[in-house]
Amino acid sequence: MKNMILSKDKNVFLNILMMIILVMFLLAIGLVLLLRNSGLHLYIVIIGILVFIFIAIVMYLLGLLLLTIRIAKNGTMPRKLIPIFENSIKHIYPIMIMFSNMMKIEKDPIRRFFSEINNKIVILKSEKLRPEDILIITPHCLQKSLCKHKVTGDINNCQRCGACDIDKLLELCSKYNVKLEVVTGGTLARKIIKDHRPKGIIAVACERDLSHGILDVKRIPVIGIKNERPHGPCNNTIVNVDEVEEAIKHYLRR
């Protein structure tokens, strides 16, 4: 089921990227026609420069498209291209979201696939870490809404009753000696990251918060894991704990 969803997300992501390439190509063609038919010689040089820029952008985006297809298909990429690809995908992503808004296209598939691509990049480039350098960040909605023992700000308040996935995550923390923090939003998450100074982050969140967090965190690898929302957004959400454990094992190289 997950592979089927990712396949659909990939198609949406790639289709929007191809639409952006097509728009840039059409703009270049339009400028070429304007250049050929224009009698305003004063602007010929300017239009020519713009044509060159648009064609260069089209070629650049085509390369980005091919690399995206490659890493989505087999998770590999020439190591020297990873930094270029990572920066490129993070710059094109906001444009894709703007484009999806204009085209009235659902944004969550784009966000999910962006997070998946980011995870593949992290797996390719991140180094082996010590347990104390790994930080798991989860949203407060992972805790049962009726629980009186709020863990936001102090994870030790958890009574380990097993009613929510916080208990399972704490088991992972004990098993691998990594840190866990529960946050109410991006502002608190940024403060916690600044305080802990981790070298690797595992972030659990919805599609929107995950993509924003990945873009927001600089110079620290982030593996994003989407939470599930059987009771609606921000209410008694759950997470696949096995995926969190796999992310921990990746950082620890186990």
Report task. Could you tell me which non-hydrogen atom of Arg253 sits nearest to which non-hydrogen atom of His250, and how far apart they are? Result -> NH1-O, 2.6 Å
Report task. Could you check Thr76 against Arg70 for side-chain contact (heavy atoms from CB on, under 4.5 Å), going step by step and ending with a plain yes or no? Result -> CA-CA 7 Å; Thr76 62; Arg70 173 170 175 168; 3.6 Å; yes
Query raised in the report: Taking all non-hydrogen atoms of both residues, which atom of Asn227 and which atom of Pro139 are closest, and how far apart?
Result: ND2-CG, 3.8 Å
Query raised in the report: Are Phe85 and Ile16 connected in the hydrophobic side-chain network, where two residues link if heavy atoms are under 4.5 Å apart?
Result: yes
Requested in this report: Give a yes or no answer on whether the side chain of Asp209 reaches the backbone of Gly186 with a donor-acceptor pair at less than 3.5 Å.
Outcome: no
Query raised in the report: So, does Arg79 use its side chain to make a donor-acceptor pair with the main chain of Leu124 at under 3.5 Å?
Result: yes
**Report entry** Pairing residues for Glu132 by the salt bridge (Lys or Arg N to Asp or Glu O under 4.0 Å) criterion, not counting sequence neighbours
**Finding:** Arg130
Report task. Determine whether Glu228 and Lys226 make a side-chain contact, defined as any pair of heavy atoms from C-beta on separated by less than 4.5 Å. Result -> yes
Query raised in the report: Does atom CZ of Phe25 have more than 12 heavy-atom neighbours from other groups under 6.0 Å away?
Result: no
Query raised in the report: Going through the distances and angles, do Ile134 and Leu252 end up as a side-chain contact (heavy atoms from CB on, under 4.5 Å)?
Result: CA-CA 9 Å; Ile134 300 171; Leu252 297 176; 3.6 Å; yes
Query raised in the report: Are Val241 and Ile238 co-members of a hydrophobic cluster defined by side-chain heavy atoms under 4.5 Å apart?
Result: no
Query - Val222 vs Ile137 side-chain heavy atoms within contact, under 4.5 Å - result: no
Requested in this report: Please say whether more than 12 non-hydrogen atoms of neighbouring residues, nucleotides or ligands are located less than 6.0 Å from CE in Met98.
Outcome: no
Requested in this report: Sequence neighbours left out, what pairs pass salt bridge (charged side-chain N to carboxylate O under 4.0 Å, His left out) with at least one residue falling in residues 229-242?
Outcome: Glu207-Arg229
**Report entry** Side-chain heavy atoms of Ile89 within contact of Asn118, under 4.5 Å
**Finding:** no
**Report entry** His91 side chain to Asn87 backbone, donor-acceptor under 3.5 Å
**Finding:** yes
Query raised in the report: Given side chains that start at C-beta, do those of Ile21 and Leu64 come closer than 4.5 Å, heavy atoms only?
Result: no
Report task. Please name the pair of heavy atoms, one in Cys158 and one in Ile166, separated by the smallest distance, quoted to 0.1 Å. Result -> SG-CG2, 3.9 Å
Report task. Flag yes if Phe114 and Val204 sit in one hydrophobic cluster, no otherwise; membership is Ile, Leu, Val, Met, Phe, Trp, Tyr, and two members link when side-chain heavy atoms are under 4.5 Å apart. Result -> no
Requested in this report: Please check if the side chain of Asp216 supplies one atom and the backbone of His212 the other of a donor-acceptor pair under 3.5 Å.
Outcome: no
Query raised in the report: At their closest point, which heavy atom of Cys234 faces which heavy atom of Thr237, and how far apart are they?
Result: N-CG2, 4.2 Å
Report task. Check the surroundings of atom CG in Leu66: do more than 12 heavy atoms from other residues, nucleotides or ligands lie under 6.0 Å from it? Result -> yes
Requested in this report: Determine whether Val244 and Thr138 make a side-chain contact, defined as any pair of heavy atoms from C-beta on separated by less than 4.5 Å.
Outcome: no
Query raised in the report: Which value, rounded to the nearest 0.5 Å, describes the distance between Leu61 atom CG and Ile95 atom CD1?
Result: 8.0 Å
Report summary line: dist Lys218:NZ -> Ile193:CD1 (nearest 0.5 Å) comes out at 12.0 Å
**Report entry** Ser174 side chain to Leu170 backbone, donor-acceptor under 3.5 Å
**Finding:** yes
Query - Over all atoms of both residues, closest heavy-atom pair of Ile105 and Met19 - result: CD1-CE, 4.0 Å
Query raised in the report: Under a 4.5 Å side-chain heavy-atom rule over Ile, Leu, Val, Met, Phe, Trp and Tyr, are Leu17 and Met103 clustered together?
Result: yes
Query raised in the report: Counting distance only, does the side-chain N/O of Asp165 pair as donor-acceptor with the main-chain N or O of Val239 below 3.5 Å?
Result: yes
Query raised in the report: From Thr68 OG1 over to Met18 CE, what is the distance, rounded to the nearest 0.5 angstrom?
Result: 11.0 Å
Report task. Please examine the side chains of Ile82 and Ile121, heavy atoms only from C-beta on, and report whether any two atoms are closer than 4.5 Å. Result -> yes
Query raised in the report: Distance from Ile57 atom CD1 to Leu62 atom CG, nearest 0.5 Å?
Result: 12.0 Å
**Report entry** Pairwise distance CG(Leu188) to OG1(Thr152) - rounded to 0.5 angstrom
**Finding:** 7.5 Å
Query raised in the report: When rounded to the nearest 0.5 angstrom, what is the spacing between NZ in Lys10 and CD1 in Ile69?
Result: 8.0 Å
**Report entry** Main-chain N/O of Lys150 paired with Asn157 side-chain donor or acceptor, under 3.5 Å
**Finding:** yes
Query raised in the report: Mind checking whether Tyr93 and Leu67 sit in one hydrophobic cluster, side chains of I, L, V, M, F, W, Y counted as touching below 4.5 Å?
Result: yes
Query raised in the report: What heavy-atom pair brings Ile220 and Gly200 nearest, and what distance separates the two atoms?
Result: CG2-N, 4.0 Å
Requested in this report: Take Phe13 and Asp9, measure what side-chain contact (heavy atoms from CB on, under 4.5 Å) needs, and give me the verdict at the end.
Outcome: CA-CA 6 Å; Phe13 189 95; Asp9 294 345; over 6 Å; no
Query raised in the report: Should Tyr251 and Lys199 count as side-chain neighbours, where that means a heavy-atom distance under 4.5 Å?
Result: no
Report task. Just do the side-chain contact (heavy atoms from CB on, under 4.5 Å) check on Val178 and Ile202 with the steps written out, would you? Result -> CA-CA 10 Å; Val178 299; Ile202 301 168; over 6 Å; no
Report task. May I ask you to say whether Lys90 pairs ionically with Glu86, meaning some side-chain N is under 4.0 Å from a carboxylate O? Result -> yes
Report summary line: Residues at least two apart in sequence or cross-chain that pass salt bridge (Lys or Arg N to Asp or Glu O under 4.0 Å) with Lys179, listed by chain then number, are none
Query raised in the report: Checking Asp167 side chain against Cys161 main chain: does a donor-acceptor pair fall under 3.5 Å?
Result: no
Query raised in the report: So does Lys128 have more than 12 non-hydrogen atoms from other groups sitting under 6.0 Å from NZ?
Result: no
Query - Heavy-atom check, side chain of Asn101 versus side chain of Lys107, under 4.5 Å - result: yes
